[in-house]
Amino acid sequence: MSAALKIPPKIYKKLPELQDLEEVMVKLKNHARIETLAVIPHKNMEFPIHSITLGSEDPTSPCLLLVGGVHGLERIGTQVINSVLSSVARSMVWDEFFLEQMRHCRMIFVPLLNPVGMYNLSRSNGNGIDLMRNAPVESDDRKQPFYGGHRISSRLPFYRGKEGEPMELENRVLWDLVRTQVFPAKISIALDVHSGFGYQDRIWFPYARTRSPFPFLGQMHAFKELFDETYQHHVYTIEPQAQQYTTHGDVWDYFLDEFLKVQKDQFFLPLALEMGSWLWIRKNPLQLLNPLGIFNPMSPHRVRRMLRRHKNLVDFLRRAVLSPKAWAHISAEEKLQHRNKAIELWYPGQKK
């Protein structure tokens, strides 16, 4: 385990999510490959960004990447991934069938990408930059809303950073991980966990920068159809993110565009889980008085419900990368059929 785990105890008082993560990492020391991707300095403290890799050591093996804590206010995302990691850690001890499956795939966890933002109770990182508006990607939406990203000032939310500057360190280390550990996989899915939009949990797929369909639309519809049939009463709305709003600088748009430049026979699908926090607010309007209340359930029983709620989704994603013939590796004719259905469902009025 990395020596960068020497963290001043006072940080733990502010970041229980980091403490919970490192306790699970200790339990996984004999089963996982643990790396500290970066140490982010802030005032007189240092905050680590950890990655935990389980399963096959073959870089081409199917891969599921789980990322949380991109926005520091959205603590529930990190908590969900920590909960999944804790369950996986326990399964690695006793579940022989699970262990056999994990010999053929990889799970990579980055539960807390923006620890300084979480420490500061801020959406942005320590430099005032919104990590999900920070990539060198421009939206083609002329009616781009303010919350879609701007370069006015770091004192305002949704700040992208200065034009022409490198991505923030948090995004650069995530890019290095995706480029070196995810792109080589024969098939890979990334799930970035967020909260704070709407009354319903949503699974978003690219693009965020444009309302035009993305290249893997046929496979995405096959994925949705398979998920709907497997979990007929699931809670998610599956849709392109741009159907709700468009943004500049989405890092997963950038990663996918870079993947399409170099990919050969591989397949990479970046998804976002957007937990609908407005429902929590409707049930408990007093949450609005708490800076975390807009993005997180505050009642303990609702937190526990969220930690249970998404484990079937993660398990489905792991099985999906292990069984791509049902949705990703389909014939050209099937891709076309699914693409036509997807256009009718998600892009009505556009040419097929």
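These numbers were taken from a predicted model, which means no experiment stands behind them.
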#### Entry: Stepwise ring pair (Phe, Tyr, Trp, His ring centres under 6.0 Å) test for Phe214 and Trp346
CA-CA 12 Å; Phe214 84 128; Trp346 290 314; 8.8 Å; no
### Query
Checking salt bridge (Lys or Arg N to Asp or Glu O under 4.0 Å) for the pair Lys261/Asp257: CA distance, chi angles, key distance, verdict?
CA-CA 7 Å; Lys261 293 176 183 177; Asp257 286 344; over 6 Å; no
Test: [X] and [Y] ion pair at under 4.0 Å:
| X | Y | value |
| --- | --- | --- |
| Glu138 | Arg209 | no |
| Asp130 | Arg160 | no |
| Glu344 | Lys341 | no |

Distance-only, no hydrogens or angles: does the [X] side chain make a donor-acceptor pair with backbone N or O of [Y] under 3.5 Å?
| X | Y | value |
| --- | --- | --- |
| Gln287 | Gly293 | yes |
| Asp141 | Thr246 | no |
| Arg302 | Asn296 | no |
| Asp95 | Phe97 | yes |
| Asp228 | Gln232 | no |

Does one hydrophobic cluster hold both [X] and [Y], with members joined at side-chain heavy-atom distances below 4.5 Å?
| X | Y | result |
| --- | --- | --- |
| Ile330 | Phe268 | no |
| Val80 | Leu64 | yes |
| Leu21 | Ile34 | yes |

#### Entry: side-chain contact (heavy atoms from CB on, under 4.5 Å) assessment of Tyr236 paired with Phe227
CA-CA 10 Å; Tyr236 305 101; Phe227 188 64; 3.7 Å; yes
Search all heavy atoms of [X] against all heavy atoms of [Y] and return the closest pair with its distance.
| X | Y | value |
| --- | --- | --- |
| Glu170 | Asn125 | OE1-ND2, 3.2 Å |
| Asp250 | Thr247 | CB-OG1, 3.9 Å |
| Ala135 | Val251 | CB-CA, 3.8 Å |
| Ile52 | Ala32 | CG2-CB, 3.7 Å |

Indicate whether the side chain of [X] and that of [Y] have a donor and an acceptor atom separated by less than 3.5 Å.
| X | Y | result |
| --- | --- | --- |
| Asp58 | Ser56 | no |
| His248 | Ser139 | no |
| Asn127 | Tyr159 | no |
| Asn114 | His71 | no |
| Lys186 | Ser61 | no |
| Ser83 | Lys311 | yes |
| Arg339 | Gln219 | no |
| His194 | Glu274 | no |
| Asp140 | Thr210 | yes |
| Thr237 | Gln200 | yes |
| Glu168 | Asn134 | no |
| Trp204 | Glu239 | yes |

### Task
Could you walk me through whether Phe197 and Tyr147 pass the ring pair (Phe, Tyr, Trp, His ring centres under 6.0 Å) test, one step at a time?
CA-CA 13 Å; Phe197 181 85; Tyr147 53 79; 8.6 Å; no
Using distance only, find each side-chain donor-acceptor pair of residues 176-184 under 3.5 Å and give its atom names and separation, not counting sequence neighbours.
residue	atom	partner	partner atom	Å
Asp176	OD1	Arg179	NH2	3.1
Thr180	OG1	Asp176	O	2.7

### Verdict with supporting geometry, Trp278 and Phe295, ring pair (Phe, Tyr, Trp, His ring centres under 6.0 Å)
CA-CA 8 Å; Trp278 298 358; Phe295 302 97; over 10 Å; no
### Task
Please lay out, stage by stage, how Val193 and Val67 fare under the test side-chain contact (heavy atoms from CB on, under 4.5 Å).
CA-CA 6 Å; Val193 182; Val67 179; over 6 Å; no
### Query
Parallel, tilted or perpendicular: which describes the rings of Phe267 and Phe216, with under 30° parallel and over 60° perpendicular?
tilted
